[in-house]
Amino acid sequence: MSDTRPLKKSKTKHTSTSISEIEAEHAEAEMLAHPPAAEDRSLHFHDGGEFNLEKRHETSAAYGERLGSGKKNPFTGENFSTKYFDILKVRHDLPIHQQRAEFLEMFHSTQIMVLVGETGSGKSTQLPQFVLYDDMPHLIGKQVACTQPRRVAAMSVAARVAEELDVKLGEEVGYNIRFENMTSNKTILKYMTDGMLLREAMEDHELSRYSCIILDEAHERTLATDILMGLLKQLSDRRKDLKIIIMSATLDAEKFQRYFNDAPLLAVPGRTYPVEIYYTKEFQRDYLDAAIRTVLQIHATEDEGDILVFLTGEEEIETAVKKITLEGEQLVREEGCGPLKVYPLYGSLPPHQQQRIFEPAPQAFKKGGRPGRKVIVSTNIAETSLTIDGVVYVVDPGFSKQKVYNPRIRVESLLVSPISKASAQQRAGRAGRTRPGKCFRLYTEEAFQKELIEQSYPEVLRSNLANTVLELKKLGIDDLVHFDFMDPPAPETMMRALEELNYLTCIDDEGGLTSLGRLASVFPLDPMLAVLLIGSPAFKCSEEILTIVSMLSVPTVFIRPSGEGAKRAADEAKKLFAHPDGDHLTLLNVYHSFESDEAHEVGQRKWCIQNFLNYRSLKSAQSVRKQLRRMMESHDVDLIEGNYESLSYYDNIRKALANGFFMQVAKKKSTGKGYITVKDSQDALLHPSTVLAQQDEWVIYNEFVLTSKNYIRTITSVRPEWLVEFAPEYYDLENFQQGDVRMSLARVHERVAKMKKASS
DNA sequence: GAGCACTGC
């Protein structure tokens, strides 16, 4: 039934390098009441003791253990709970515990160190605690920070560590993520997202409140992590008292060491099971089909154990789920196989459906019968963000959707591309979390060796850097060209970013931050949206623009289910909100309706379902709006509500949009179909989701998407006179080559000149 | 007349 077999067995044994040691359930850590401290503190050593500041950065592992195993919590002075000692036993069994002394020795001898640790080593939870006992931040009024790339990780690790230290979450141990600051003036260990620490660095370049900064999951190379690394490298010269620890999965430890001036390395073993790797003999033309057949074959021939399949996107996953389910039923009927339950898993799936992957595998039809099995068909989300125990078989076709940036046409797009060796190893590791497993790679061993790159490209090489450059400027980095990136981005990408910021007047011609740029950097938005927001009071509609910007900052609010009838119904529902001038105004209508009395009477959640709208997106637009509004207030950006009765209500909003989006304009082609972008002369079609008819000559667009065709998406019609008026330098005729756009613009300039003459 | 891998502020 399958020509992907016989699979060649490789001798390679693989050990997982999985990431989060802490599962979500720890987030619900039970908080115990602390009994009041009654006894005096004289019973030192065999009964614990107190911190001794003189020993700071000179303590031994025994010192920390003595303090941590006494009667009283040395951080709070209160008696430890019995639960504390139960957890302490478990912690002592973690591999990293053996290396506490080794860690302290290295920590004392160097300012910057690199720590690599595999899954289950306990590095994210234990290491920061080792630091606390030696660094004693509470005695010198400082804090220890530990960054995570994801919010859930920051929250759940913090909850776990608070439990381990027998303190209340938010007091000695807390976390800080966007929209939620769970810390207090007692906090000495703070888990936070990497983006959050970057924000703090923009306010305080010295990061002076910290005595030690731990960057966790550094191998993921998020934009924020990369910038922080460059920053910390610089800062380590100015602040000799600041300790820095870079934590990573094993693969690229040397690169981190080299980057940080040959920083010493500590490696801690993980706790995972070996995974056998199988390759196909031949190249698989149709990886989707091969993946489905491999799953069915595993089900028919392999021992008990769940299957995890990696595919690239929602549509592909839903197709695979349907096919596997159908053919699985056939296997049950014809071959007497056990039951098969198939679950999709991807980011845009609502949380309760994501949770279903944790349901237990189906039972065999009869006792002692062939095993039932659970199959999870997932995007990359199961590679890093979510861990599923019980997976024994991994099917890896070797592809994922990755963001790529083309600086020439200034477009970010998603492309199905081969994964890296590191990713392949990470995927394989997912099979060895509970017992030895198998990984079926749907490509040849030769392809793995020769064609896959070692590491995925870091985000900084795949993104538009306008926002990053603005952040760096705000961080006080004047010389961007010589900023020490671990992987420097292409010069053209930097040039594009500087050019864009210059057009937005966020930086002047000398590359210096302008006052507008400084203000724009306050907002957690793309510079263009920030400038749009800051400019909106001039058009007497900043409340409305604030709403539109918030709606543009969350996942799409429109739901369009599959199935012909449902699609039609969803399209009809959308028409109720449609504004003839475009999608931005349509978003405004949706938001207003969401907050209307009518929606509240029905119940917002129900109202959303009735109107094919995404409740979660709208709620998050609300919280984004609240945050941005606060920032506008504190930075004196006027909040002005447009006059809905006025005839110019919508025109004012469109003017404000034109003022912000003047770089993202397309013009209807005078001959032929479709539109052409004004700056880069790219052919583009209006995305079919637009509410606009195809007749408006000039439009601004929110994004340019490359899929089956070139599309511009989220579009509003504007008058060209506005563009010329608001961005005269950008629309100077000399900037345009001969052609359609220039000819039209010339006529616009003439009209404007005539009008001026007539009125004077 | 079509889709949004995953994060983060």
Side-chain angles (χ1 to χ4, degrees), chain A residues 19 147-154 176-181 192-203 217 220-228 310-318 345-349 378-386 399-404 412-417 419 423 456 458-459 462-463 467-468 470-471 474 520-527 529-530 553-562 564 567-568 570-571 614 617 620 623-624 627-628 631 673-674 685-694 703 705-714:
Chain A
I19 290 174
T147 70
Q148 300 288 329
R150 278 171 293 279
R151 303 164 47 130
V152 254
N176 192 4
I177 59 180
R178 187 182 187 184
F179 303 129
E180 201 180 350
N181 185 357
M192 62 204 304
T193 47
D194 48 13
M196 201 73 206
L197 184 60
L198 197 55
R199 281 274 142 189
E200 283 188 7
M202 286 166 64
E203 297 306 315
E217 317 292 11
E220 289 197 29
R221 304 291 308 277
T222 65
L223 255 172
T225 294
D226 272 21
I227 300 171
L228 281 172
F310 285 101
L311 291 175
T312 65
E314 173 175 345
E315 201 180 327
E316 206 173 80
I317 287 169
E318 294 294 350
L345 177 62
Y346 43 85
S348 55
L349 215 56
S378 172
T379 60
N380 258 2
I381 195 169
E383 196 181 302
T384 49
S385 309
L386 266 166
F399 293 96
S400 68
K401 273 191 193 170
Q402 289 164 36
K403 186 171 79 182
V404 287
E412 281 182 351
S413 53
L414 285 172
L415 213 62
V416 174
S417 329
I419 60 172
S423 272
S456 310
E459 212 183 346
R462 299 184 285 119
S463 308
N467 198 22
T468 303
L470 187 65
E471 279 170 0
K474 184 65 195 292
S521 74
V522 167
F523 294 90
L525 293 168
D526 273 349
L529 291 180
S553 303
V554 299
T556 178
V557 296
F558 297 108
I559 294 173
R560 197 156 184 264
S562 54
E564 278 313 308
K567 272 184 193 167
R568 221 172 302 130
D571 291 347
N614 187 331
S617 285
S620 87
S623 46
V624 168
Q627 186 194 25
L628 296 177
M631 290 173 160
K673 246 187 88 188
L685 298 171
L686 302 191
H687 194 273
S689 64
T690 187
V691 298
L692 274 189
Q694 308 280 322
E703 55 182 345
V705 285
L706 284 172
T707 51
S708 52
K709 296 184 184 114
N710 289 351
Y711 288 109
I712 47 177
R713 186 161 53 190
T714 314

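Chain identifiers are assigned alphabetically (A, B, ...) following the order of the sequence lines, protein sequences preceding nucleic acid strands; residue numbering begins at 1 within each chain. Basis for what follows: all heavy atoms, side chains included, without hydrogens, waters or symmetry-related copies.
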**Request:** Determine, for nucleotides 3-9 of chain B in 5'-to-3' order, which nucleotides have protein heavy atoms under 4.0 Å from the base (write B), from only the sugar-phosphate (write S), or from neither (write -).
**Result:** BBBSSSB
**Message:** Can you tell whether the side chains of A/Arg150 and A/Glu220 come within less than 4.0 Å, N to carboxylate O?
**Reply:**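 Looking at A/Arg150 and A/Glu220, the cut-off is met.
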**Message:** More than 12 heavy atoms of other residues, nucleotides or ligands under 6.0 Å from CD of A/Glu315: yes or no?
**Reply:**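 12 or below, so no.
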**Prompt:** Excluding sequence neighbours, so at least two apart, what forms side chain to side chain contact (heavy atoms under 4.5 Å, CB included) with A/Ser456?
**Reply:**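 Applying side chain to side chain contact (heavy atoms under 4.5 Å, CB included) to A/Ser456 gives A/Ser420, A/Ser423.
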**Item:** Qualifying residues under side chain to side chain donor-acceptor pair (under 3.5 Å), relative to A/Thr468, sequence neighbours excluded
**Value:**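 Residues passing side chain to side chain donor-acceptor pair (under 3.5 Å) with A/Thr468: none at all.
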**Prompt:** Hey, is the main chain of A/Asp194 close enough, under 3.5 Å, to the side chain of A/Arg199 for a donor-acceptor pair?
**Reply:**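 Between the backbone of A/Asp194 and the side chain of A/Arg199 there is no qualifying donor-acceptor contact (under 3.5 Å).
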